[in-house]
Amino acid sequence: MPKRPRQGGMISLDSETTGLDLRHGARPYYVSTCDEDGCNVSWEWRVDPLTRRVVADRGDLKDLQRKIDGADKIVLQNPKFDFMALSLLFNDYSMELRWDWAKIYDTLLAGHLLASNQPHDLTTMAMVYLQANVQPYEDRLRKVTLAARSWARTNRPDWRQAKEGLPEMPSAKSTVWKYDCWMPRLVHEEGGGDETWETVLSEYGDSDASVTLPLFKRQQQILKQKHLWRIYEERLKVLPVVAAIENYGVTLHAGRLEEKRTEYAEASQDAHRTCLNIAKRYGYELTLPKSGNNKSLTEFVFSEEGMHLPPLKKSKKTGVPSLDKTVLEQYSVTLPRNSKPLMFVTALMGKRKRDTAYGYLESYKKFWVHTEHRDRVWYRLHPSLNPTGTDTLRWSSQNPNEQNISKKEGFNLRYCFGPAPGRVWYSCDAKNLELRFPAYEANEPEMVYLFEHPNDPPYYGSYHMLIFDTLHPKLFAKHGMESKEAYASTWYQWTKNGDFAVQYGAVLESGTADRAYHVPGAQARIQSRFNRIKKLNAQQIAYAEKYGYVETMPDKTVDPDHGYPLWCGRTSYGRIMPTVPLNYHVSGTACWWMMKGMIRCHNYLQDVGDDYHIVMQIHDEQVFDFPDDEATNKPIIEQCMKLMAQGGDDLGVPTPVSCTKHSTTWSTGS
DNA sequence: CGATGTAGCACC
DNA sequence: AAACGGTGCTACATCG
């Protein structure tokens, strides 16, 4: 007896799309649902092989909407993507997808919460949590799709097969068959393949939907057992926030981008010529790489055929001499003035930096889409933001990455980004977030005093100055707060470098931090002055050794007893790396804080109006895009700052937030 | 020839 | 054994 679909209850939903680049036309063409009896209901739409456009059916979409409306709960693997894809498809047919986030569950968020450093793809999780193997369905689909592509290449050369470099799929890399899984059915209709080609897609799609629901039920059971359910429910709140951020995107100015792109291209070419000319004087026919190294370059730099420079650092894995930024900097301060090698090194450093910047700008052009502004000057990027993209609670960003946009002097790509006409940006960031958490948690008195008294001597809230004084008391006695300017490129800069090394977990024995500080024994001196943080570090390491994970600081409003577990991983000898636990604990807490701020700001801005948006998150910084109206905005942005700072109350640590307004460009100081 | 690994570099 | 944590992206080099 065939099963009849149930009404209500919990269902799972999974869709297959013609690509990942929804803003460039990718759409779902197969949607499968599965209910608690294991009964699949699915829809399949034709893909126009010449244009790759999905030809859906309004009746089907209404059907699907009824299915969505009728369910009490819907489980998806990464619902953000399906939601956005379906919204756009509905939009193509002048319909609006109704979607209630309150009834959505996500197996991806659950997977990260249960095992932050394990794979979270559906196939792996089905195996781990259900001992169910859906890989054969995928293998079969792959095989048949590749065959269908091959048939079409010969018999239907005008079909638009997925491949790297097509403008409608800027994110496509080498593996693209996944975007052509609509092809087997169509090929069979046209006389190729066999009848199994009609069902190979639905068997795959239905198997994914069928496994998603029991997977979630199992995850839910474990989350409850481990007392993580409250944290899970809090995490679910990020889904609509992420969808809204991705949907709105971020604006950039084509003219400013072109200006920078030309500047870097020309300077890079100059540097290129300089390098080749110098090589020529050694009688060496140099071929420079587009980025990084190639054989020609390393041979010229290190061998006797060329400049024969001494190797300063070797690759960890391969042992080849390194020619990275730090090595080039070393050469640039040690090689004789006016020497050919110095000129070469200087030119190469300049070329590399410009090539990197140029490459980023090119990638923005690949991904950008026109905005509603008809002047074709303002474009928009829609990077995807992944809250489970890291082993900690950091979010990752891709296609393109919005979290590595340079703000270096001379390479300030933030200049290209900014508010479109009639808009204004506000950039809010937490002050010393990752330094505050350990200071308060360990109750390190001098540091707490520093953070509590930002306007008082001796350090006026400056953490780096406190450390500077610890390492260079005589210099600080002489110059006070002006040490920052007096030693801007030496002792003060080195203090900052060392502080970051310590913050990111440098262990005393390695001497890494001491080298960064340029002060032998520096880290030991700092640890003896701030021994409570040293103790906190030891506690976190011991905890991780025992349990395999550390927890973020508990959020009183969610679960006063437990934070988010972050698994630390072990070496092949079964030990936790001592550099990891405190770092994960602190950085994870900072990211939890940011997540709380984003949820609060998003919900608040929704109430304010429909034109107030979060546009970016760069770990401890949040960027907002508002209508350009100073008087109206003032209380709104102040409330956003308050809502961000409220995350500190949840954790028991004061976390003040600062804000910068950007009227024309995201770059500061211009 | 495609897949995979590595180096280098941008951000926090 | 490793000792500075987490990412994404590009080009180069090598593997199968």
Side-chain angles (χ1 to χ4, degrees), chain A residues 116-117 146 164 171 173-177 287-298 313-328 348-349 352-364 366-367 383-386 389-408 411-414 429-430 433-434 497-513 515-516 523 541 550 566 568-588 590-591 594 616-621:
Chain A
S116 54
N117 65 349
L146 288 175
E164 202 177 328
S171 71
K173 299 270 165 53
S174 48
T175 314
V176 292
W177 64 267
T287 315
L288 275 184
K290 282 194 179 176
S291 82
N293 290 332
N294 64 4
K295 271 187 177 168
S296 177
L297 175 60
T298 48
K313 183 172 138 185
K314 284 184 178 173
S315 153
K316 250 184 224 168
K317 298 208 168 157
T318 59
V320 250
S322 164
L323 197 54
D324 69 10
K325 193 169 67 165
T326 58
V327 171
L328 291 178
L348 183 61
M349 287 166 75
R352 280 225 185 122
K353 281 195 278 197
R354 283 169 183 88
D355 288 345
T356 303
Y358 183 90
Y360 286 172
L361 294 179
E362 283 286 288
S363 84
Y364 301 148
K366 199 169 78 165
F367 283 101
S384 79
L385 214 45
N386 184 356
T390 74
D391 287 0
T392 71
L393 272 175
R394 286 214 164 178
W395 296 16
S396 66
S397 160
Q398 61 192 139
N399 300 327
N401 186 351
E402 74 181 7
Q403 294 177 327
N404 68 349
I405 302 170
S406 179
K407 54 177 181 179
K408 278 209 173 76
F411 299 90
N412 196 337
L413 302 190
R414 295 192 177 191
D429 61 334
L433 194 59
E434 295 202 356
N497 295 351
D499 287 346
F500 285 119
V502 171
Q503 183 182 325
Y504 291 139
V507 292
L508 183 83
E509 294 77 7
S510 72
T512 308
R515 278 193 296 278
Q523 197 171 2
I541 293 171
V550 293
L566 295 169
C568 294
R570 294 178 185 271
T571 65
S572 47
Y573 288 74
R575 299 297 304 270
I576 296 286
M577 293 229 286
T579 50
V580 165
L582 183 63
N583 180 276
Y584 276 28
H585 172 68
V586 171
S587 146
C591 298
M594 176 51 87
M616 277 188 282
Q617 183 254 54
I618 308 104
H619 310 305
D620 64 356
E621 176 185 5

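The sequence lines fix the lettering, A, B, ..., with proteins before strands; numbering per chain opens at 1.
Shown here are the ring pair (Phe, Tyr, Trp, His ring centres under 6.0 Å) partners of Y360(A), two or more places apart in sequence or in another chain: there are none. Shown here are the ring pair (Phe, Tyr, Trp, His ring centres under 6.0 Å) partners of F367(A), two or more places apart in sequence or in another chain: there are none. Every residue meeting the side-chain contact (heavy atoms from CB on, under 4.5 Å) condition with L508(A), not counting sequence neighbours, appears here in chain and number order: Q523(A), A524(A), Q527(A). K313(A) is linked by a salt bridge (charged side-chain N to carboxylate O under 4.0 Å, His left out) to D324(A), counting only residues two or more places apart in sequence or in another chain.
For dA2(C) and dT6(B), the P atoms lie 14 Å apart once the distance is rounded to whole Å.
Side-chain contact between I541(A) and L582(A) is absent, with no heavy atoms from C-beta onward closer than 4.5 Å. Under the 4.5 Å side-chain criterion, counting only non-hydrogen atoms from C-beta, Y584(A) is not in contact with N117(A).
Comment: K407(A) does not engage E621(A) in a salt bridge, judged by the lack of any side-chain N to carboxylate O separation of less than 4.0 angstrom. Here K366(A) does not pair with E164(A) in a salt bridge; the nearest charged N to carboxylate O distance is not below 4.0 Å.
When rounded to the nearest whole Å, the span between CZ of R515(A) and P of dA3(C) equals 12 Å. The nearest whole Å value for the distance from the NZ atom in K313(A) to the C1' atom in dC4(C) is 12 Å. We find that NZ of K325(A) is positioned 14 Å from C1' of dC4(C), with the value rounded to whole Å. Counting to the nearest Å, the P atom of dG5(C) and the CH2 atom of W395(A) are 25 Å from each other. N583(A) places its CG atom 11 Å from the P atom of dC4(C), with the value rounded to the nearest Å. Atom CG of L393(A) and atom C1' of dG5(C) are 14 Å apart (whole Å). Rounded to whole Å, atom P of dG5(C) lies 19 Å from atom CD of Q403(A).
Atom CZ of R575(A) is surrounded by 12 or fewer heavy atoms from other residues, nucleotides or ligands within 6.0 Å.
Taking the 5' to 3' direction, DNA chain B first and last meets chain A under 4.0 angstrom from a heavy atom at dA3(B) to dC12(B).
Within 4.0 Å of R570(A), counting heavy atoms only, lies no atom of the nucleic acid at all. Using a 4.0 Å heavy-atom cutoff across all strands shown, D355(A) reaches no nucleic acid atom at all. Nucleic acid contact for L508(A): none, since no nucleic acid atom lies under 4.0 Å from a heavy atom of the residue. Using a 4.0 Å heavy-atom criterion, one finds that L413(A) contacts no nucleic acid atom at all.
In this structure, CG in D391(A) is found 10.0 Å from SG in C568(A), a value given to the nearest 0.5 Å.
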For this session: Determine, for nucleotides 9-16 of chain C in 5'-to-3' order, which nucleotides have protein heavy atoms under 4.0 Å from the base (write B), from only the sugar-phosphate (write S), or from neither (write -).
Result: SSSSSS--
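One finds no side-chain N or O of T579(A) lying less than 4.0 angstrom from the OP1 or OP2 phosphate oxygen of dC4(C). Contact check, T512(A) against dC4(C): a side-chain N or O comes under 4.0 Å of OP1 or OP2.
Listed candidates were dC4(C), dG8(C), dG6(C). Nearest to the side chain of S396(A) is dG8(C).
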